[in-house]
Amino acid sequence: DESKIMKSALACSGDVAYSWDLVRDNISWIGNTADMFGISTPDAVLSGDAYHERINPDDLKARLKYLSKHFTTREPFDCEYRVRTEKGGFCWIHERAAAEFSESGQPVRLNGVLRLITGRKQHEILLEQRANYDELTGLYNKSRLRESVDHALAYAERYSVAGGFLAVGIDKMAMINDAYGRQTADSVIVGVGRRLEECMRATDVIGRLGGDTFGVVLGNADELGIAAAAEKILNVFRQEAVQTAVGPIHVTVTIGGTAFPGLIQTAHDL
């Protein structure tokens, strides 16, 4: 019968279907919920409230918003979010659903399908990290830093506020590499990046321009503020060595800086 065909199809696809009685707030499940998101038995989640308790709080608001929009406009309901498993972690779910309405136009039932997409989301996150972040330091890469510069330039022009940019280069990096090896040299680069994050303001944007050079975008900073930020960085490295696996290494940096916007119009100009 149709029920057996549906169960067989869901078993082959790995999806889980549900029917949510909105009036009684009761959910019935079809499919393997244990493999889907770690609910050992469907009896553990028999109401909308119980299911919402398992959705990541950061994602629940979005799901409720999409639901409300679907009930109002009857446009397709389609969203992705994280659900807490019984082991305490979260898995990614892709949900598609359609509501049934009463004669008066009130939603009375929601029928939908859930698909596990954790692998896909992890891959997307990895691609995003590679596209935006420097693999060694975890800071913005050159491309992402340029975007931040463009945004800062546009903001400065629009609101007539000054900003600044610092290029911070590690001195004698080649000597460090020759004396201690590539792995230790990489540790120094990572250590310098962390030191910059610690001493800069939360609103400043830090990225790796490449090799031994970092870039810092200073928002709302005049020339005195730019000079003060540069001096602060210099003092941080004067006062404390960078810790590595072979021991502390005293590192100095050279800094070049400029204010914007002025004659500077693009990230390339900067």
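Note that the structure is predicted; figures quoted are calculated from it, not measured. As a basis for the values below, the full set of heavy atoms in this structure was taken, side chains included, without hydrogen atoms, waters or symmetry mates.
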> Would R238 and N235 count as a side chain to side chain donor-acceptor pair (under 3.5 Å) if you check the C-alpha gap in whole Å, the side-chain angles of each, and the deciding distance to 0.1 Å?
Replying inline: CA-CA 5 Å; R238 289 177 185 139; N235 286 331; 2.7 Å; yes

> Taking it one step at a time, do E135 and R208 satisfy salt bridge (Lys or Arg N to Asp or Glu O under 4.0 Å)?
Replying inline: CA-CA 10 Å; E135 188 174 352; R208 187 182 178 199; over 6 Å; no

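- Interatomic distance, I233 CD1 to T254 OG1, rounded to the nearest 0.5 Å: 12.0 Å.
- Ion pairing between a basic and an acidic side chain is recognised when a charged N comes within 4.0 Å of a carboxylate O; R146 and D150 show no such pairing.
- Criterion: ILVMFWY side-chain heavy atoms under 4.5 Å apart, direct or through other members. Under it, M200 and V149 are not part of a common hydrophobic cluster.
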>> Evaluate F214 against L166 for side-chain contact (heavy atoms from CB on, under 4.5 Å), listing each step before the verdict.
In response: CA-CA 8 Å; F214 295 85; L166 301 176; over 6 Å; no

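- The shortest heavy-atom contact between L46 and A50 is N-CB, 4.4 Å.
- Environment of CD in Q243: crowded, with over 12 heavy atoms of neighbouring residues, nucleotides or ligands closer than 6.0 Å.
- Counting heavy atoms from C-beta outward, R84 and N56 have side chains that stay 4.5 Å or more apart.
- Using a 4.5 Å heavy-atom threshold, the side chains of F165 and I264 count as separate.
- Heavy atoms from other residues, nucleotides or ligands lying under 6.0 Å from OH of Y180 number 12 at most.
- Taking the six-membered ring where tryptophan is involved, the planes of Y133 and Y140 are tilted, since the angle between them lies from 30° to 60°.
- In this structure, L234 and V253 have side chains that are in contact, with non-hydrogen atoms separated by less than 4.5 Å.
- Within the 4.5 Å cutoff, side-chain heavy atoms of W29 are placed close to those of L114.
- Expressed to the nearest 0.5 Å, how far CG of D49 lies from CG of D25 amounts to 5.0 Å.
- The minimum heavy-atom distance between P107 and F71, with the atom names listed, is CB-CD2, 3.7 Å.
- A continuous path of ILVMFWY side-chain contacts below 4.5 Å connects I249 to V192, so both sit in one hydrophobic cluster.
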> Which is it for T118 and W92 under the side-chain contact (heavy atoms from CB on, under 4.5 Å) test, yes or no, and what are the steps along the way?
Replying inline: CA-CA 5 Å; T118 302; W92 277 96; 4.1 Å; yes

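- Atom CD of E231 is surrounded by more than 12 heavy atoms from other residues, nucleotides or ligands within 6.0 Å.
- At least one donor-acceptor pair closer than 3.5 Å links the side chain of D59 to the backbone N or O of R82.
- In this structure, R195 contributes its side chain and E240 its backbone to a donor-acceptor pair below 3.5 Å.
- Here the side chains of Y155 and V161 are in contact, with some heavy-atom distance below 4.5 Å.
- The shortest heavy-atom contact between L209 and L145 is CD2-CD2, 3.5 Å.
- A donor-acceptor pair is defined here as one N or O able to donate and one able to accept, closer than 3.5 Å; no such pair exists between the side chain of N26 and the backbone of D21.
- Pairing each heavy atom of T258 with each of I226, the nearest pair is O-CD1, 3.8 Å.
- In this structure, K142 contributes its side chain and G210 its backbone to no donor-acceptor pair below 3.5 Å.
- Side-chain atoms of D178 do not come within 3.5 Å of backbone N or O of M175 as any donor-acceptor pair.
- Annotation: side chain of R115 is not in contact with side chain of R120 (no heavy-atom distance under 4.5 Å).
- Summarising the geometry of S148 relative to V205, their closest heavy-atom pair is OG-CG1, 3.7 Å, with the distance given to 0.1 Å.
- The closest side-chain donor-acceptor pair between W20 and N111, if any, does not fall under 3.5 angstrom.
- The neighbour count for R96 CZ, taken as heavy atoms of other residues, nucleotides or ligands under 6.0 Å away, does not exceed 12.
- Listed for the H52 side chain is no donor-acceptor partner under 3.5 Å among the backbone atoms of L60.
- Neither V83 nor F90 shares a network with the other; the hydrophobic side chains, linked directly or stepwise wherever heavy atoms of I, L, V, M, F, W or Y lie under 4.5 Å apart, form separate groups for each.
- Note that CD of E95 and CD1 of I117 are 11.0 Å apart. Values are rounded to the nearest 0.5 Å.
- F237 contributes atom CZ, which lies 13.0 Å from atom NE2 of H250 (distance to the nearest 0.5 angstrom).
- Remark: D134 CG to L139 CG distance equals 6.5 Å, nearest 0.5 Å.
- Connection of F101 to L67 is not established within any shared hydrophobic cluster, with ILVMFWY side chains joined at heavy-atom distances below 4.5 Å, either directly or through further cluster members.
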>> Run V217 and D204 through side-chain contact (heavy atoms from CB on, under 4.5 Å) and show every step you take.
In response: CA-CA 6 Å; V217 183; D204 298 330; over 6 Å; no

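- Inter-residue side-chain proximity for I255 and V216 is flagged as unmet; no heavy-atom pair is nearer than 4.5 Å.
- No more than 12 heavy atoms of other residues, nucleotides or ligands lie within 6.0 Å of OH in Y66, so this atom counts as exposed by the packing criterion.
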> side-chain contact (heavy atoms from CB on, under 4.5 Å) between F77 and R63: does it pass, once the steps are laid out?
Replying inline: CA-CA 9 Å; F77 174 69; R63 184 187 189 248; 4.1 Å; yes

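- Counting heavy atoms from C-beta on, the side chains of D269 and F260 never come closer than 4.5 Å.
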>> As a quick check of understanding, evaluate salt bridge (Lys or Arg N to Asp or Glu O under 4.0 Å) for R194 and E197, giving each step before the final call.
In response: CA-CA 5 Å; R194 289 176 179 170; E197 285 189 292; over 6 Å; no

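- When all heavy atoms of S19 and R109 are compared, the pair lying nearest together is OG-NH1, 2.8 Å.
- Linking ILVMFWY side-chain heavy atoms closer than 4.5 Å, directly or via other members, places Y81 and L116 in a single hydrophobic cluster.
- Shown here are the side chain to side chain contact (heavy atoms under 4.5 Å, CB included) partners of V108, two or more places apart in sequence or in another chain: V23, E100, S102.
- Rounding to the nearest 0.5 Å gives a distance of 8.5 Å between CG of D171 and CD1 of I176.
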